[in-house]
Amino acid sequence: MLMGATVLHGAAALAQDYQAAAQKWIGEEFQLSVLSKEEQAAELDWFTKAAEPYRGMEINVVSENIPTHTYESQVLTRAFEEITGIKVRHDLLQEGDVIEKLQTQLASGQNIYDAYVNDSDLIGTHFRYGAVMPLDDFMAGEGADVTSPTLDLDDFMGLSFTTAPDGKVYMLPDQQFANLYWFREDLFTDPDLMERFKAKYGYDLGVPVNWSAYEDIAEFFTNDVKEIDGEPIYGHMDYGKKDPSLGWRYTDAWFSMAGSGDKGLPNGKPVDEWGIRVEDCHPTGSSVTRGGDINGPAAVYALSKSIQWLKDYAPAEAQGMTFYEYASVPTHGNIAQQAFWYTAFTADYAKQDIPVVDDDGNPKWRVAPSPHGAYWQEGMKLGYQDAGSWLLLKSTPTDRAKAAWLYAQFVTSKTVDTQKSHIGLTFVRDSTVRHESFTERAPKLGGLVEFYRSPARVMWTPTGTNVPDYPKLSQLWWQNISTAISGETTVQEALDNLARSQDRVMERLERAGVMAECGPKLNPETSAEDWYAKAEAHPDWLAPQRKLENEKPMGETVAYDALLDAWASGKAMPDNM
């Protein structure tokens, strides 16, 4: 009896320790939350109790190295351990290294990590190979006792990105960011520059709606304005070095912005922005001669414009830069606009004492919807959105997977998510972006908060489920596209080579029969004309489109205030867009 009383007393003291730890973290770190302090305490108390069978365990998880995950690794792991008794080693690696570890575990079955944060771009891969645990199945089965009653999946903005063709959620979003249009609002509202632009082009200097206007603005700043305060000014920024990051430049929806592929959200159907056609969930080809669109006129136009703008309107050194080298260039103050700007850069672009922030700490820049190309039509996606998401593999022992699932839910919980989002500005919860603290901070973030509160956010989406093996196919892009940038091949030749390379990979996957679900079944090659005619005859198809007679229609712009008004009224775009 005495021994039993001692054990009970020890358990009670331990419970008090966990409750005290929760109160400490609520009071010192998680003061910003969509929950009241009482609701936070209740949510954390659930984590404490659910973690009891796994106390003393040490689990290993991994993600790419961005500020959001740094905060998780350095701060939230400590909070989680003190509140649950589970120790977490949260490794931070470059994105490519995360994928390498993931592929190794998938191939070997050896449990390297207990959970991964990887881009939802791999959703088609994970769904088809059958090695990933569908979270819907896990939450209803083995993981039911460790699934938080306050998880609130409907609150996650990017859940459609992590849902496979079988209708099941495979990944839980942890952070997401879009690529939007970025521009120097102080220059665009300068009366003299506005007058000069309208005199030359016949329409107002403003946010470009189409690529024609973007090109006109790029020409204007680069070759007409030339200098601001004695320093060179450029109308465009990009990068072009032969490097794996060059692939992201294009797999991240550049072709859909031009109008390649079909209508549909989150991705075009039956042809997506990778130019891959899917029929009954089976990829059937990416070449126009198989019904795809990666080497069709819209894709040729997309890549041609990208190369032209890089060479004509960006600083000369941009052609030799990688993604990591180009990212900070606009903060130097010599770039007027950028068609393809990741909102993950926001915090670095909003720092005081840099040329693109004024003396009061307000950004001189704004973000807006990406302009679209000549082939784009209403109903197509308008850009890319990265969604780093939690993933559980079937090769992970159940107890370790359950402990890791607790951690994944903790770092995305309503208790911590508002504070975490202020660190990384990579919103995943609708409730978070609507928190009053972001209303107060919004003027310092150049339109980011307004965008994520608007219906427009659904038009920016990750790579979708048409891509059957992201790691194998994505490496083909930079290797082939780089030849067009360097002049080794024409744009058409580079994209023909890319189309053949993608189709060869999918042919090998088809022959190998390694996919548990919806593996490739390639169409026989016919002619481009055959597929143009089929698309024109089908009421729901757009791709592949024939070459337009005029790929540079009249430029169109919209006033930035009109965008904000539309977003505030619940519209994705102003009526005139």
> Do K200 and D224 meet the salt-bridge criterion of a basic N to acidic O distance under 4.0 Å?
Replying inline: yes
>> The criterion is ring pair (Phe, Tyr, Trp, His ring centres under 6.0 Å); which residues satisfy it with F197, sequence neighbours excluded?
In response: Y201, Y203, F220
>> I need the full list of salt bridge (charged side-chain N to carboxylate O under 4.0 Å, His left out) pairs touching residues 424-437, with sequence neighbours left out, sorted by first then second residue.
In response: D155-R429, D430-R434, D430-R457
>> W211 and ring-ring contact (aromatic ring centres under 6.0 Å, His included): which single residue from Y181, Y375, W376, Y301 fits?
In response: Y301
>> What I want to find out is whether D190 reaches R184 closely enough, with some N-O distance under 4.0 Å, to be called a salt bridge.
In response: no
> Would you say H435 and S421 make side-chain contact, with heavy atoms under 4.5 Å?
Replying inline: no
>> So S63 and L92, do their side chains get closer than 4.5 Å, heavy atoms only?
In response: yes
> Under 30°, 30 to 60°, or over 60°: which ring-plane class applies to F427 and F438, parallel, tilted or perpendicular?
Replying inline: perpendicular
>> Going by ring pair (Phe, Tyr, Trp, His ring centres under 6.0 Å), name the residues that satisfy it together with H332, two or more places apart in sequence or in a different chain.
In response: none
> Taking only residues two or more places apart in sequence, or in another chain, which ones meet N267 in a side chain to side chain donor-acceptor pair (under 3.5 Å)?
Replying inline: E273
> What pairs with F410 under ring pair (Phe, Tyr, Trp, His ring centres under 6.0 Å), at least two apart in sequence or on another chain?
Replying inline: F47, F80
> Would you call D174 and K420 a salt bridge, using N to O less than 4.0 angstrom?
Replying inline: yes
>> Any side-chain to backbone donor/acceptor pair from N210 onto E556? Under 3.5 Å, distance only.
In response: yes
> Looking at W248, W274, Y250, which one forms a ring-ring contact (aromatic ring centres under 6.0 Å, His included) with W477?
Replying inline: W274
> Once the angle between the rings of Y342 and F340 is folded into 0 to 90°, is it parallel (under 30°), tilted (30 to 60°) or perpendicular (over 60°)?
Replying inline: perpendicular
> Taking the six-membered ring for Trp, are H90 and H69 parallel (under 30°), tilted (30 to 60°) or perpendicular (over 60°)?
Replying inline: tilted
>> Does anything in residues 204-214 form a salt bridge (charged side-chain N to carboxylate O under 4.0 Å, His left out)? List the pairs, not counting sequence neighbours.
In response: K198-D204
